[in-house]
Amino acid sequence: RLILIPSLNFPAALAATRLSPIDGMNLNRAFPGEAEGAVTSQIAHFLTNVLFPLSDVVIDIHSGGRSMEFVPCAHMHLVADREQRARMFAAMMAWGTDFAFLYADIAGTGLLPVEAENQGKLVVTTELGGGEGIPASVHRIAQGGLRNVLIHVGLLKGVEQTRASLGKAPT
């Protein structure tokens with residue numbers, strides 16, 4: 001089963017802002033959410049309690065929105081579970097960006113990847129551009145990275161492309 005959600009917080013996406021114009025909340029700070037809370041909190045609750053339990057892999061494709069622009073990269077938290085960390089690292093590297101980074105979570109609670117990680121999921125998070133416009137080159141990175149990770153985890157047939165096989169320098 002593959003579940004694709006083009007935009008988790010559609011009202012915020014339409015408004016080109018991280019904060020929902022409906023309730024002023026940032027979805028990526030709303031986890032685990034509340035079933036009877038504000039709309040953004042309800043979305044987080046649904047992901048936490050319905051979709052994440054159905055999932056083995058959670059991929060968060062992010063951009064900087066209009067407030068910032070990121071160099072395209074894949075990243076992950078340094079989760080305590082070494083096996084989960086190794087699986088996440090391999091999937092992050094399968095994304096194939098020029099840059100990838102690992103970091104200790106200092107943002108506190110409420111983050112989508114942290115909630116999925118706490119449930120033992122293989123989590124890959126990306127930052128892909130921003131500044132309200134995403135060029136075709138970044139779209140190609142997103143498409144190729146997603147396809148390669150889906151091959152890596154066995155959801156798509158095909159041969160996983162490494163940076164070396166593409167003639168690119170290591171991440």
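If you're wondering where the values come from, they're calculated on a predicted model, not measured in any experiment.
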Minimum side-chain heavy-atom gap Leu27-Ile43 below 4.5 Å: yes
Side chain to side chain contact (heavy atoms under 4.5 Å, CB included) with Glu117: which of Asp81, Val58, Val79? Val79
Does Ile151 share a hydrophobic cluster with Leu2, counting links as ILVMFWY side-chain heavy atoms below 4.5 Å and allowing steps through other members? yes
Any idea how His75 and Tyr103 line up, ring-wise: parallel (<30°), tilted (30 to 60°), or perpendicular (>60°)? tilted
Would you sort out whether Lys121 and Val57 count as a side chain to side chain contact (heavy atoms under 4.5 Å, CB included), showing the intermediate values? CA-CA 6 Å; Lys121 307 307 174 185; Val57 178; over 6 Å; no
Which donor-acceptor pairs under 3.5 Å do the side chains of residues 32-39 make with protein atoms, sequence neighbours left out?
none

Check whether any side-chain heavy atom of Leu78 sits under 4.5 Å from a side-chain heavy atom of Arg85, and report yes or no. yes
If only atom types and distance count, is the side chain of Arg29 paired as donor or acceptor with the main-chain N or O of Gly110 below 3.5 Å? no
Nearest heavy atoms of His152 and Glu160, plus distance in Å: ND1-OE1, 2.9 Å
Are the side chain of Thr171 and the backbone N or O of Ala100 linked by a donor-acceptor pair below 3.5 Å? no
Here the gap from Ile5 atom CD1 to Leu47 atom CG, rounded to the nearest 0.5 Å, amounts to 5.5 Å
Compare all side-chain heavy atoms of Thr125 with those of Trp95 and state whether any distance is below 4.5 angstrom. no
Do the side chains of Lys168 and Asp98 get close enough for a salt bridge, i.e. N-O under 4.0 angstrom? no
Side-chain donor-acceptor pair present, His62, Glu127, cut-off under 3.5 Å: no
Considering all heavy atoms, the nearest Ala15-Pro21 contact: CB-CG, 4.1 Å
Taking all atoms of both residues into account, what is the closest heavy-atom pair of Cys73 and Leu128, and its distance? N-CD2, 4.2 Å
Return the CG to CD1 distance between Leu51 and Ile3, rounded to the nearest 0.5 Å. 5.0 Å
Residue pair Pro11 / Ser20: nearest heavy atoms and the distance that separates them: CB-OG, 4.3 Å
Phe101-Met92 co-clustered via ILVMFWY side chain contacts under 4.5 Å: no
Find out if a path of hydrophobic residues (ILVMFWY) with successive side-chain heavy-atom gaps under 4.5 Å connects Met93 to Leu102. yes
Which other residues belong to the hydrophobic cluster containing Phe99, where Ile, Leu, Val, Met, Phe, Trp and Tyr are joined when side-chain heavy atoms lie under 4.5 Å apart, directly or via other members? Val71
Among Leu112, Val123, Asn118, side chain to side chain contact (heavy atoms under 4.5 Å, CB included) partner for Phe52: Leu112
Can you give me the closest heavy-atom contact between Ala91 and Val149, atom names plus distance? O-CG2, 3.4 Å
Between CG on residue Asn9 and CG on residue Asn28, distance to nearest 0.5 Å: 10.5 Å
Find the distance between CZ (Phe31) and CG (Leu111) and round it off to the nearest 0.5 Å. 9.0 Å
Can you check side chain to side chain contact (heavy atoms under 4.5 Å, CB included) on Asp60 and Val124, steps first, answer last? CA-CA 6 Å; Asp60 183 11; Val124 177; over 6 Å; no
Hey, could you give me the CE/OG1 distance between Met76 and Thr126, rounded to the nearest 0.5 Å? 14.5 Å
Is there a side-chain contact between Met25 and Ser41 in this structure, where contact means two heavy atoms from C-beta onward sitting under 4.5 Å apart? yes
Taking the side chain as every heavy atom from C-beta outward, state whether His77 and Val114 have any pair of such atoms under 4.5 Å apart. yes
Closest non-hydrogen atom pair, Val138 against Pro72: CG2-CG, 3.9 Å
Quick check against the 3.5 Å criterion: does Gln119 have a side-chain atom that pairs as donor or acceptor with the backbone of Thr48? yes
Hey, what do you get for CG (Leu122) to CD1 (Ile59), rounding to the nearest 0.5 Å? 8.0 Å
Checking the side chain of Asn148 only, and the main-chain atoms of Gly144 only, is there a donor and an acceptor separated by less than 3.5 Å? no
When clusters are formed from ILVMFWY side-chain contacts under 4.5 Å, directly or step by step, what else is grouped with Phe10? Leu14
Output yes when a side-chain donor or acceptor of Asp23 lies under 3.5 Å from a complementary backbone atom of Thr40, and no otherwise. yes
